[in-house]
Every structure is written in C-alpha cells, then in structure tokens.
Number of protein chains: 2
Amino acid sequence: MKGRNDARLTGQAYSQLKAAIFEGRLPPGTPLSRRRLAEELGMSAVPVGDAILRLESEGLIESRPRAGTRVRIATPQEIHGNYVLREALETHSARLFAENADGRARERLLKAAERLDAANLALARGKCSQFRRARVERIHVAFHMLIAAASGVPALIDAIERSRVLLFNRLFTGSLAASHLPERWHRDLAECLVSASPEAAAEAMRTHVRYRQQEVIARFKELVEARSGPARMVRGPQRRTLEENGGAGALLD
Amino acid sequence: MKGRNDARLTGQAYSQLKAAIFEGRLPPGTPLSRRRLAEELGMSAVPVGDAILRLESEGLIESRPRAGTRVRIATPQEIHGNYVLREALETHSARLFAENADGRARERLLKAAERLDAANLALARGKCSQFRRARVERIHVAFHMLIAAASGVPALIDAIERSRVLLFNRLFTGSLAASHLPERWHRDLAECLVSASPEAAAEAMRTHVRYRQQEVIARFKELVEARSGPARMVRGPQRRTLEENGGAGALLD
DNA sequence: CCTTCATAACTGGTACATCAGTTTTTCCAG
DNA sequence: CTGGAAAAACTGATGTACCAGTTATGAAGG
C-alpha cells in the first residue's frame, strides 16, 4: 500500500495517522482537526487534508463538510458486509493458492500457520495487553497475505489488504481481536490449501471466514449492548478529545 | 460512488474529470496539469489537486511527484489482474443473488439480460460509434450491478463497481468494448442465476467472466502489437495534448 | 547530422490567508 | 432554573503565492 509519496509530507501524515488509528491511539469517534493535526505533525494543513482525503477513501475516517472529521465508527452491518467481501476475496485467493503456489510458498504457509496458532494459544492463556494483541494480529495478517501473494495479482492482493485494514481497525480498536480459536485452526486450513484441490481449498477458506464472521459479530453485538446503557456518544461536546487521548504524543511512533 | 462532496468544487472537478476519462475525451496517456485544468474548470488548483488525488487512488490516473500527472495506461497484466479480481467478486455476487434475491429482482434481471443481449446484437450489426458503445456499456454495467445489488452489502457493491470502473476505462478508451458475443450470452447466465443452485450460479458466472477475460486479453494484445510499429508513446514531447484533444471543450458535459 | 549540457518552462507540493458553514458557548428573557 | 436566540469559536473548503524538482528546449561543440 505504500507509495512513492511516503517521502512527502502528505505521505508522512498518512502513515502516522493510519498507524495511530490502528494502534488504538486514536479510537473510533475521535475528532480530527486539520489545524490541530498540522500543528502536532509540524506541517501545514494542506498535506494533512490530503492524507485525510486518502484515509477517508479507505473508509477509516469520515468527514462532514465544514463540520468536522472523525475516526469512523463501525456498525454491525458494516462488519457483516466486510466479512462478505472477505469471503469473496479470500475464497478466490485460496483457490488460486492451491492452483498456483510453488513449493516454497506452500512450506512458508505451513510454518506461518504453526506460528499463528501458537501465538493465538499464548494470547488466550496470557493476558491480552494491547501490545500483544497487535503483535498477534500482525502475524494473522501476514498469514492471509501470504496466501494472497501467491496469486501474483496486485489488484487482488490490494483488495484483500484493504478489506483487512478496515476490519482490523474496527475490531482491534473495539478490543474484539482476542478470541479463542480452535487450537489447530489455521494449521488445518493451511494443510488443506497446500494439499487439497482448488475447490476444496476454497471451501475450507469459506468455512474459516464464516466461522470468524459469526463469532466476531456475536461479540460485537454484545459489546455494543454492554456499552449502550447511558446511550453514550450520541451527544455532548466532542472537541478536544485528541488531547484527552494523549495529546501530541498520540501521533508519535 | 457519489458523495456529499459533489456539491463542492472538488466534487465537480472529480465528476467532470471522471466523465471525460470514461467518455474518451481524455484518452489514456493524456497529460493533466493542475493549473491548466483549474483554469478550464474555472476554479483554483487546490480542488483540482484533491480530485486528482481521489482519481489516483481509484487507479484512473497516475502521478509522479513534480513531474506530471496523466491518464493511466493499462498493461495486459493489469487487465488480467482486473479480471481475476472480478472473478472473485462477481462469482460471490452471483452466489448471493441465487441465495437471496427476491422475485422482483429475479424478474428484473431476466429483462435486463434480454435488453443487453439485444443491444449487443444491434451493436455487432450496426456501426460502432463511440456513443453507441458507451450506451451498451452502460446497460452492461447496470446488468452486473443489478446482481451485485441483491446482496445488499455496500462493501461488495462498491468493490464490484470499482473493479468495473477500472476495466471500463481501459477497455472503452482502448476501443475494445465492441466484441461479438454469443447471442443469448447474458440471457443464459441470468436464467441460471434465477433458477439454479447458488453453486451452479457461481460457476456460471465464473465461466462468463473467464470467457470475456480470454477474449479481451487476446484483443488487447493484438491491439498493442498493431500500434507498436514505430514504438510510439515512448518519447517525444507529450505536453499540450489536452488542447489537441479538444481543448477546453473536452471537459464540458 | 548527432550528442551534451545549460537554461527556461512547467509540474506537483506546501504554506498561509481567508471564506463560508457548523457547532458550541454565552447570555438574557421567561 | 429553563429555553432559546445571538455570538463566538471552530471546521473544512478554497484561493493565491511560492518552492523545489523534472522535463523540454535549444545553443554549442563534436
């Protein structure tokens, strides 16, 4: 996803904002002011605006003209839709992997699956610090991108990355990432992708995605219900929340 | 795809540029200068820059920092990749249609298929003026979007629209849109989607997409070979091409 | 005629100032 | 206190000016 523009200010603003959103330093709902961000990032408002435009087109941010910009808050419908999209993309990705992947790629996938299952198990046992969850999530993304990469089709790889980005943001910042998975969950999937027919691989991936989908949506709903007691985040002053979340420090690496 | 920003200057620039690209008034390779465009559109360079940024993120335009912006030229690999992506998305879309679509949607799809086949036939017989091709292409898009819409999942619908947008631009401006299709091509597909099982519907769509993919890529290659005689568009002054393509008029509706 | 290289023209990137619309706060009447 | 209107503060949108990097141009030398 990185481009030639990362050297420019606009690219810096984009990267830093994106990272801050992913790592939970700017949770969903946080207001983002161009001027404020420009000041904290040490640049003018224009490149910040460009970065915001880009993040908005990726769905991480929403902006109402002349009325404010904020980190987007996901609805259950959106999460559901995102899983539908992922089912389409990753199912095909799995099929292509089973068809085309060479020996090296297959070996690497098996190893990645082992690592991922181990990390998930460790996470389920130990405590779920934000840092550890982020690390496991990175491994998880790497696993799926390994499958996608075997297709050799940039358009497909980008689309999968994009859909994951959206989901990751929503889930991670909503503290939904930590969930108990079957112990050999990814390993079984990987073995199927490596040795079964393309159709079987696609179906295995479909099952995989749908399982997660149901689990995540169930958790999300219960989370939403739990926090909807005093009907929060509906009214009230929502300015200056950036400072409350750590101020200038929230944007540093 | 349209948003609240269409009322703003940035939205106007976006819409007009997009339309001009689609309708062939700005063929692939045309250099786009912010200042020049700003002048012709009667606005400043900033909203034009925002529109360009947006179009770039959609893949219609490419821009090298401080060295120029131009309408993107597709490579055969990109076209192939786009069809791979479409196979993933539309296959799933067809499956969902067969699963979920209500009676009204099924009826409308059958009618749309009839209309599309008729239009294609007429196009194959008559002459292929740019205007007529554009019209048929609109019907074609509507047909596929009808299938996508039945899923009720915005993320999927947008992804399909986006992938079509890219392809349409590349093909249409490359004068590849006109091709001879089997007479009942879309009608058979529609009937399968309407009455067969989800799996059969998905497979029918897969065949459909792959058929077009092979056909289009073959034509594209022969087109590229045909025009690569004097090794064109490699060197030579490429400025002021906007004026050559109709000047200010090229951006009007 | 072809290459080389300096210069001029043009490009996108950024800063700053200002405009117009929205939200929050303030303050006064009830 | 309450309600509501006016004003203040803030927001994104846009215009203008300028900078730094790239490309085209054309003159000078082979």
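Every chain is numbered from 1, with letters handed out A, B, ... down the list of sequences.
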S.K.: Please state how far atom CG in A/L41 lies from atom C1' in C/dT14, giving the value in whole angstrom units.
M.R.: 14 Å

S.K.: Stepwise, does the side-chain contact (heavy atoms from CB on, under 4.5 Å) test hold for A/L9 with A/D50?
M.R.: CA-CA 10 Å; A/L9 288 186; A/D50 287 356; over 6 Å; no

S.K.: Rounded to whole angstroms, how far apart are CG on A/L32 and C1' on D/dC10?
M.R.: 15 Å

S.K.: If only atom types and distance count, is the side chain of A/T91 paired as donor or acceptor with the main-chain N or O of A/E87 below 3.5 Å?
M.R.: yes

S.K.: Do the side chain of B/R35 and the base of C/dG12 come within less than 3.5 angstrom through a donor-acceptor pair of N or O atoms?
M.R.: yes

S.K.: Side chain of B/P47 only, heavy atoms from C-beta on: which candidate in D/dA13, D/dT14, C/dG13 is closest?
M.R.: D/dT14

S.K.: Has A/S44 got a side-chain N or O lying under 4.0 Å from the OP1 or OP2 atom of C/dT14?
M.R.: no

S.K.: Is there a side-chain contact between A/V84 and A/Q213 (heavy atoms, below 4.5 Å)?
M.R.: yes

S.K.: Using a cut-off of less than 4.0 Å, is there contact between a side-chain N or O of A/S63 and OP1 or OP2 of D/dG12?
M.R.: no

S.K.: For A/R34 and D/dT14, what is the distance between atoms CZ and C1' respectively, to the nearest whole Å?
M.R.: 10 Å

S.K.: When you get a sec, tell me which of C/dG13, C/dG21, D/dT22 is the closest nucleotide to the side chain of A/R66?
M.R.: C/dG21

S.K.: In whole Å, I'd like the distance from the CD atom of A/E56 to the C1' atom of D/dA13.
M.R.: 13 Å

S.K.: Go through the steps to decide whether A/Q12 and A/L41 satisfy the test side-chain contact (heavy atoms from CB on, under 4.5 Å), and finish with yes or no.
M.R.: CA-CA 9 Å; A/Q12 292 178 30; A/L41 291 170; over 6 Å; no

S.K.: Ignoring the backbone of B/S33, work out which of C/dT18, C/dG12, D/dT14 is nearest its side chain.
M.R.: C/dG12

S.K.: Measure from the side chain of B/R36, starting at C-beta and using heavy atoms only, and say which of C/dT23, C/dT14, C/dT11 lies closest.
M.R.: C/dT11

S.K.: In whole angstroms, how far is the P atom of C/dT11 from the CD atom of B/E62?
M.R.: 16 Å

S.K.: Find the distance A/L53:CG to D/dG12:C1' and express it as a whole number of Å.
M.R.: 11 Å

S.K.: Which residue lies toward the 5' end of DNA chain C, A/A45 or B/R8, if each is placed at its nearest nucleotide?
M.R.: A/A45

S.K.: Rounding to a whole Å, what distance do you find between B/L9:CG and C/dG21:P?
M.R.: 12 Å

S.K.: Is B/E39 salt-bridged to B/R36, going by a charged N under 4.0 Å from an acidic O?
M.R.: no

S.K.: If you check the A/V46 side chain, which of D/dT23, C/dA15, C/dG12 turns out closest?
M.R.: C/dA15

S.K.: Taking CZ from A/R70 and P from C/dT22, how many angstroms apart are they, rounded to a whole number?
M.R.: 15 Å

S.K.: Is there a donor on the side chain of B/R64 or the base of C/dG12 sitting less than 3.5 Å from an acceptor on the other?
M.R.: no

